[in-house]
Protein chains: 2
Amino acid sequence: MTTSFGPPAADPPAGGVSDTPPVGGKSDTIAAIATPPGVGALGILRLSGPSAREVASRFLKVGGEGLSPKRAVVCRADFDGSPLDRVVVVYHPGPATSTGEELIEITAHGSAFILGRLLAAALASGARAALPGEFTQRAFLNGRLDLSQAEAVCDLIRARTGRSHRAALEQLEGGLSREVRGLSSSLTDLLVRVEASLDHPEEDIPIVEPGAALCELEAGRSRVLTLARTFKNGRLLAEGARVAIVGRPNAGKSSLLNALLGMERAIVCASPGTTRDTLEEPCDLGGIPAVLIDTAGLTDHPADEAESLGLERTDRALERCDLALLVVDGSRPSGPEDEAASRRILERLASLGRPALTVRNKADLPSAAETPEAPACDAAVSARTGLGLRDLVARIGPLLGDSPGEQDGVTVTSGRHHAALLACASELAAAGRSVTERPGAWEELAASGLRAALRELGSITGEDAPASVLSAIFARFCVGK
Amino acid sequence: MTTSFGPPAADPPAGGVSDTPPVGGKSDTIAAIATPPGVGALGILRLSGPSAREVASRFLKVGGEGLSPKRAVVCRADFDGSPLDRVVVVYHPGPATSTGEELIEITAHGSAFILGRLLAAALASGARAALPGEFTQRAFLNGRLDLSQAEAVCDLIRARTGRSHRAALEQLEGGLSREVRGLSSSLTDLLVRVEASLDHPEEDIPIVEPGAALCELEAGRSRVLTLARTFKNGRLLAEGARVAIVGRPNAGKSSLLNALLGMERAIVCASPGTTRDTLEEPCDLGGIPAVLIDTAGLTDHPADEAESLGLERTDRALERCDLALLVVDGSRPSGPEDEAASRRILERLASLGRPALTVRNKADLPSAAETPEAPACDAAVSARTGLGLRDLVARIGPLLGDSPGEQDGVTVTSGRHHAALLACASELAAAGRSVTERPGAWEELAASGLRAALRELGSITGEDAPASVLSAIFARFCVGK
């Protein structure tokens, strides 16, 4: 396996991304703290640019041997002439680094104060504070990564389930790029032949028959749409889903939430340190990064203002969710009030167009006789024993649009890529129409459509991407990446 | 300068700490995420122990050359047989590392998911999850750091002003250890001579005259107390101070708070990502790590429940503060109500035993005539222009017990060390009393007092420290340190 994904220093670039000329030689040297903020054992300051080593040598007291390539050296870092910390420095000479430039990585104690002063020392020594995503942007500008790979860096860092992680890693490895370049290559091949027909109308036998051209355009369009279709899954993996848990008081909503969290906790922990509402819990639902939303118990006659507010909040949660789990207590005969409450919720969800699963909880207890009026149950679980939980999770995925089997190939996870693919398909459709509608003089229009389709594909990997697109993309990144 | 402070891999140990025998050879291999939690560009997993390299080689796909000492190698990390990330690995062979053992540092993308799986891969490959502070504890057990140096690692990471940082760094460099060992050495010298007198009572001329012994005991006690006295400052630098800002509505309390924050913001930023109350702001007051507490305006007749609650909260802030700044508006003639409110606050602070400074704000505006009843002002400032702020900060320090000049030497910052020094001084005083009270038979008691005093000093650097003390100390640390 040849991969190009990867942090700090990396191997030569992924195949086929050498079109963009390196511009690193003219750029300045940037510096940023690369580890998350807060207190930890260690933290990293990173420098990239033509004078990274020179800048670092101004505030690092490296001994006689100096910094030699890829060697970890222990030395003292100074701030304003006073000792600041003892650090480990590694010097990665350019251009075979992740940014395509000279790179210096300094590992210090993980205190915001020390890292802040280390950064200040770097700035005082001639570096400039890096903008968000600027290290990755340089990797792109220097041809180390194409644009879709650069975008995947951000997704990789944010991924919190195994499947999201795999989709981002595949894109960073160049999976999407290879697919897109394969499409571009077939369409370019067709465009060359169509243009040759235009340039040599004197030939008796046309270089491309309209029937063949139409066939190739349709085949291309179909491949583009197949790729675009993976976005249904990809968006779910990249953006996650909101799952509301609703039901009558004591139906076991919170215990179901905890059971779902607990089932997955052994596999993946939610990113610690992220702020979250007390009622919302990030959770890995069969690889889908989900947020479970616990809601107040549904009552018919709110006793006080607090209960009314709780019901309002539940309704807002329903409006904002992608799926709701309606929990009913299967161990207790349901009364008319329970059934009315359930029906109201299901009607509300139907009117909002949200899918719902009715879950009979407490399935480890003897089940109560069901009345004909009670809503049919989609799943029976026991939050206490874990019974039925895996089946429930397996049923949630498809309702959210998930089809895990499709992830074997490349998955489109970015709205920007999806839009470009749809635009590409629509250009190809227009080119096809010009063939059927003007069979005598189709070449000019088809060539123009093919060029437009290729531009759309090129925008995914970043060929000739305008500066405004680039800055919008890299602004999503954190500083230091 | 020879320093022993420092993270990851370090130079040979600081002088004189080789008393503790290395135990690393028998220990297992530990692993932990060493960078703060959250999302960042990079994160580090650290392994320490006799089989660190072997464990790492089980989940890292290092190519042909393998891991060679201190060389940064780019390779793929796997989790459960699937690619996880491309990482940079550095192998530091033992025992010349910060833990005194074989050390592996793996830099990956800074995502909690990736680092969590990297840790899981290390655990599945034979490592054990490190306890809080266990890396530093190993540095101590392997004689790379003495106990006071190990404790300074924690302080260094938490320090948020230049002076706190310097005090922690000095201690990590072994400043306190050298001072304590100097004291131990003089007292041991005296003890040897006293014991010789006991063993050879037949000598005509005593080896130590009681007068000389008394003199040496007193000199030792005085040095110990001088060192202990630096704790007044040291505690302030390690623990910080709470400064409440109180005054009438519109006196300019919030603008003074912002001005004090702004003055220092260019020099030091508060650690981002730390939770704090909206009304409390960490601030660097002339090197003292302070927390400024903004309070509600003082009114005589609270208009509603909210105002009453605000006043109650202000009173709680006064109870919990180390110093209060009473802000008055100098541009407006003060009425009898203003003066009464000021007097009430100053009386309340006096009854709580809290120092206070009365600050006349808005000194950039023409000042109103002062009435004889108005409280005298200690400082005049303009929060708007910055006038007088530096003088105000200079006056705050001494009221908090700060004497910056004293920090040139060693500063005791730990309550544990301070208590040991006081206990040592008291043993020396008791030994001295035995000389004056029993001039004929003082040697036995003095020797016993000297041994007790030496034990107290030894507890600072960790000689024969009991396991319970060690675990209490290292439990304060974060995991990964």
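Just so it is clear: chains get the letters A, B, ... in the order the sequence lines come, proteins before strands, and each one is counted from 1. Nothing here was measured: the structure is a model prediction, and the numbers come from that model.
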Inset, instruction - Would you check if the side chain of Thr161(B) reaches a backbone N or O of Gly287(B) as a donor-acceptor pair within less than 3.5 Å? - result: yes
Inset, instruction - Identify which part of Val153(B) has an atom lying under 4.5 Å from any heavy atom of chain A, answering side chain, backbone, both or neither. - result: side chain
Inset, instruction - Count the heavy-atom pairs under 4.5 Å between each of Val90(A), Ile44(A), Val73(A) and chain B, then report the option with the highest count. - result: Ile44(A)
Inset, instruction - Examine whether an atom of Ile157(B) lies under 4.5 Å from a heavy atom of chain A, and if so say whether it belongs to the side chain, the backbone or both; otherwise answer neither. - result: both
Inset, instruction - Look only at the side chain of Gln149(A) and the backbone of Asp146(A), and say whether a donor-acceptor pair between them is shorter than 3.5 Å. - result: yes
Inset, instruction - Answer yes or no: is there a donor N or O on one side and an acceptor on the other, between the side chain of Thr97(B) and the main chain of Gly100(B), under 3.5 Å? - result: yes
Legend entry - chain A contact via Ala34(B) - which portion, at a heavy-atom distance below 4.5 Å: both
Legend entry - side-chain hydrogen bond (donor to acceptor under 3.5 Å, both in side chains) partners of Gln171(B), counting only residues at least two apart: Thr413(B)
